[in-house]
J.: 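Sharing a structure here in structure tokens format.
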Amino acid sequence: MDPVVSTSAGRVRGSCRDGVARFLGLPFAAPPEGPLRFRPPEPPAAWDGIRDGLAFGSAPPQLAPAPGAPAMWRPDDGLDCLTANVWTPDPGAAGLPVMVWIYGGLWKHGAASMAHYDAAVLAGSGVVVVTFNYRVGFEGFGHLPGVPDNRGLRDQVAALEWVRDNIGAFGGDSGNVTVFGQSAGAASAVLLMTAPTARGLFRRAIAQSVPAGVRSRAEAGTVTATIARAAAVAATRDGLSGLSPEALLAVQDAPLHGRDDGFTAFGPVIDGDLVAGQPWAALEAGAGSDIDLVCGFTHEEFRGQGAAPPAGVDLGPVAEAVGLGGEAAAAYRLAHPGLTDSELFTTMLSDALIRMPTTRVARAHAGAGGRTWLYDFTWQGPTLGAAHGIDVPFTFGNATSRFAARFLGSPPSADFADLSGRLRTAWTSFASAGDPGWPRFTLDRQTTRLWNLPPSDAAYPLEASRQIWERAASA
């Protein structure tokens with residue numbers, strides 16, 4: 001018999017497969033359309049009777065992430081996208097640990113309905129797992145005069161409030177919530193650790209590959225002006241809300257035209273409310289120090305994000321472009337003897353995009369007294385090595401999705417099941433009891449878990465790169 005639970009908005013029917021119940025497409029906020037477009041989320045409308053929770057809700061408006069990739073959103077889907085999904089091993093239980101996933105995607109892509117985020121395997125480990133949609137691109141992160149910034153982050157807070165109010169009906173413990181996410185989702189998790197409006201909504205966080213990339217209001221305003229100019233409308237809420245979602249998507253990458261120094265025009269905006277600065281900024285002052293944190297990176301973060309370096313690449317201009325100064329090229333060569341400049345290009349970009357931002361998060365949290373664990377995912381896939389995103393299939397235990405096949409090959413490596421099981425055990429142990437199973441990272445003892453087979457623990461492996469970046473920051 002299909003399980004039925006009662007939520008704050010009404011009763012919902014789920015389905016059960018392989019011992020895990022799933023409830024899909026549950027609204028945690030009203031559709032952000034009409035007068036609610038470009039506004040913070042509002043509570044959803046209640047319903048009578050029993051609502052079917054058998055299918056995912058629509059994705060937020062977005063373009064396909066790459067040529068040939070399936071479209072997650074189509075114009076007919078509209079803006080009714082703020083829904084959550086719950087996987088539970090026992091809706092009749094009480095006090096199960098809860099894990100809430102935040103997807104990545106350059107702040108302009110992503111949806112909880114993507115096959116690689118199916119949480120049945122993870123929930124089968126004895127946790128309640130929640131995934132949800134939040135607004136991306138201009139809908140979620142575009143700056144508009146007179147309108148609160150960071151609507152996508154505000155959607156995330158609304159989803160966590162829904163979890164607090166409803167997860168007990170699915171067998172979960174609202175007092176034992178772990179937020180986890182990858183890339184933009186990892187940065188979101190860290191930012192929410194220090195956000196006053198998210199206070200008390202979760203007690204632990206797992207941040208997989210934390211990027212930098214916040215915008216000042218002035219920078220975000222320039223992005224808005226460029227997009228409005230491309231659409232021939234005023235750079236105001238009235239001007240841009242007159243565009244259909246698909247018309248806005250057609251021009252939202254206009255700020256990137258003619259540039260080769262960025263992947264997205266969007267990111268969290270420093271608003272003095274949810275976002276104080278880069279993800280590590282408020283951590284350094286002690287905010288969020290009471291929240292336990294696991295964070296880490298894949299060893300070759302640039303792989304999977306950008307094109308391979310051209311033959312004969314000159315590291316000097318690359319170092320200048322990432323903010324190090326041209327002299328850092330020689331420092332990288334000295335710190336990594338035996339690597340070619342092409343290999344150093346990947347090392348430098350991996351540091352710039354993810355590895356150093358994540359390191360700063362770990363050091364800031366640990367330095368303020370927060371319980372911190374750090375890892376380096378070093379397992380090598382057959383096509384892209386230890387690339388950005390390779391840890392996601394291992395996290396969810398899903399090896400056969402289109403996303404997973406890109407990293408793991410098809411069929412996947414025989415190593416997958418073993419390493420995935422070990423990683424999921426660490427994540428669920430952390431969610432349950434606050435211990436992922438390896439020594440904490442402190443400034444005095446910077447122990448780092450190396451995720452490979454077998455997993456091992458070592459001193460922080462990127463000290464040479466960190467010192468180069470620290471010298472550049474203090475110059």
Side-chain angles (χ1 to χ4, degrees), residues 99-107 109-110 112 114 116-119 121-122 125 127 129-132 134 156 178-193 202 204-213 279-280 283 291-305 350-351 353-362 365 372-379 381 384-398 401 403-404 406-408 416 419-420 422-431 436-438 441 448-452 455 461-462:
M99 300 183 71
V100 181
W101 175 256
I102 307 176
Y103 53 72
L106 295 169
W107 309 104
H109 301 303
M114 290 177 162
H116 45 289
Y117 301 143
D118 185 292
V121 173
L122 186 58
S125 302
V127 297
V129 184
V130 179
T131 67
F132 64 89
Y134 63 93
Q156 296 172 14
T178 297
V179 167
F180 68 133
Q182 185 263 348
S183 197
S188 296
V190 175
L191 292 170
L192 292 176
M193 288 174 63
F202 60 101
R204 301 185 181 99
I206 302 171
Q208 302 177 204
S209 301
V210 185
W280 56 86
L283 292 175
I291 296 175
D292 298 341
L293 173 65
V294 169
C295 60
F297 40 79
T298 69
H299 197 69
E300 299 170 296
E301 288 280 3
F302 181 68
R303 299 188 70 177
Q305 294 200 72
S350 295
D351 286 342
L353 293 171
I354 302 290
R355 300 198 307 183
M356 291 303 107
T358 304
T359 296
R360 286 171 176 156
V361 165
H365 191 249
T372 310
W373 290 262
L374 183 67
Y375 71 86
D376 181 355
F377 193 95
T378 62
W379 186 86
L384 291 173
H388 183 72
I390 194 172
D391 51 335
V392 173
F394 289 88
T395 299
F396 284 91
N398 298 333
S401 70
F403 180 91
R406 178 171 178 250
F407 299 100
L408 307 176
F416 175 81
L419 186 55
S420 176
R422 292 171 187 254
L423 183 70
R424 285 183 282 113
T425 294
W427 274 204
T428 56
S429 296
F430 178 70
W438 72 90
F441 176 95
T448 305
R449 165 57 57 97
L450 305 182
W451 279 114
N452 210 320
L462 306 179

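Nothing fancy with the numbering, it's 1 onward along the sequence.
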J.: Do Thr298 and Asp391 get their side chains close enough for a donor-acceptor pair, meaning under 3.5 Å?
T.: no
J.: Going by distance alone, is a donor N or O of one side chain under 3.5 Å from an acceptor N or O of the other, for Ser188 and Gln156?
T.: yes
J.: When rounded to the nearest 0.5 angstrom, what is the spacing between CE in Met99 and CZ in Arg204?
T.: 10.5 Å
J.: Hey, which of Tyr134, Phe403, Phe180 is the one that makes ring-ring contact (aromatic ring centres under 6.0 Å, His included) with Tyr103?
T.: Tyr134
J.: Output, in order, the C-alpha distance, side-chain angles, deciding distance and verdict of side-chain contact (heavy atoms from CB on, under 4.5 Å) for Met193 and His365.
T.: CA-CA 10 Å; Met193 288 174 63; His365 191 249; 3.6 Å; yes
J.: In Å and rounded to the nearest 0.5 Å, what is the CG to OH distance from Leu122 to Tyr117?
T.: 13.5 Å
J.: Within the structure provided, determine whether Leu374 and Cys295 are in side-chain contact (heavy-atom separation under 4.5 Å).
T.: yes
J.: For residues Phe377 and Ala386, report the shortest heavy-atom separation together with the two atoms involved.
T.: O-CB, 3.6 Å
J.: Rounded to the nearest 0.5 Å, how far apart are CZ of Phe396 and CE of Met114?
T.: 12.0 Å
J.: Please report whether the ring centroid of Phe394 lies less than 6.0 Å from that of Trp451.
T.: no
J.: Are the aromatic rings of Trp101 and Phe132 close, with centres under 6.0 Å apart?
T.: no
J.: List the steps and the verdict of side-chain contact (heavy atoms from CB on, under 4.5 Å) for Trp379 and Ile390.
T.: CA-CA 9 Å; Trp379 186 86; Ile390 194 172; 3.8 Å; yes
J.: Show, in sequence, the C-alpha distance, side-chain angles and deciding distance for Arg424 and Ser420, and conclude whether the side chain to side chain donor-acceptor pair (under 3.5 Å) test is met.
T.: CA-CA 6 Å; Arg424 285 183 282 113; Ser420 176; 3.0 Å; yes
J.: May I ask you to test the Ile102-Val179 pair for a side-chain heavy-atom distance under 4.5 Å?
T.: yes
J.: Side chain to side chain donor-acceptor pair (under 3.5 Å) for Ser183 and Gln208? Distances and angles first, verdict last.
T.: CA-CA 6 Å; Ser183 197; Gln208 302 177 204; over 6 Å; no
J.: Are Phe297 and Tyr375 an aromatic pair, judged by ring center distance below 6.0 Å?
T.: no
J.: Begin with the C-alpha distance, continue with both residues' side-chain angles, and end with the deciding distance and a verdict on side-chain contact (heavy atoms from CB on, under 4.5 Å) for Leu192 and Phe202.
T.: CA-CA 9 Å; Leu192 292 176; Phe202 60 101; 3.9 Å; yes
J.: Looking at Glu301 and Ile354, would you say the former's side chain and the latter's main chain have a donor-acceptor pair under 3.5 Å?
T.: no
J.: Is there a donor-acceptor pair under 3.5 Å between the side chain of Thr358 and the backbone N or O of Val210?
T.: yes
J.: Give the intermediate values and the outcome of side-chain contact (heavy atoms from CB on, under 4.5 Å) for residues Thr178 and Val100.
T.: CA-CA 6 Å; Thr178 297; Val100 181; over 6 Å; no
J.: Is there side-chain contact between Val361 and Leu293, with heavy atoms separated by less than 4.5 Å?
T.: yes
J.: Nearest 0.5 Å, what's the CZ-CD distance between Arg355 and Glu300?
T.: 8.5 Å
J.: Please report the closest heavy-atom contact between Trp107 and Ala184, naming both atoms and the distance.
T.: CH2-O, 3.3 Å
J.: Would you give the length of the straight line joining atom OG of Ser350 to atom CG of Leu462, rounded to the nearest 0.5 angstrom?
T.: 9.5 Å
J.: For Arg303 and Ala387, which heavy atoms make the closest approach, and how far apart are they?
T.: O-CB, 3.0 Å
J.: Are any non-hydrogen side-chain atoms of Pro393 and His116 less than 4.5 angstrom apart?
T.: no
J.: Heavy atoms only: give me the nearest Thr131-Ala112 pair and the separation to one decimal.
T.: OG1-CB, 3.5 Å
J.: Looking only at non-hydrogen atoms, find the nearest pair between Ala426 and Pro436 and report the distance.
T.: CB-O, 3.3 Å
J.: Say whether Asp376 and His299, considering side chains only, have a donor N or O and an acceptor N or O under 3.5 Å apart.
T.: yes
J.: Which heavy-atom pair separates Val129 from Ala119 by the least distance, and what is that distance?
T.: CG1-CB, 3.5 Å
J.: So does Ser125 get a backbone contact from the side chain of Thr428, meaning a donor-acceptor N/O pair under 3.5 Å?
T.: no
J.: Measuring only between side-chain heavy atoms, which start at C-beta, is Pro461 closer than 4.5 Å to Thr448?
T.: yes
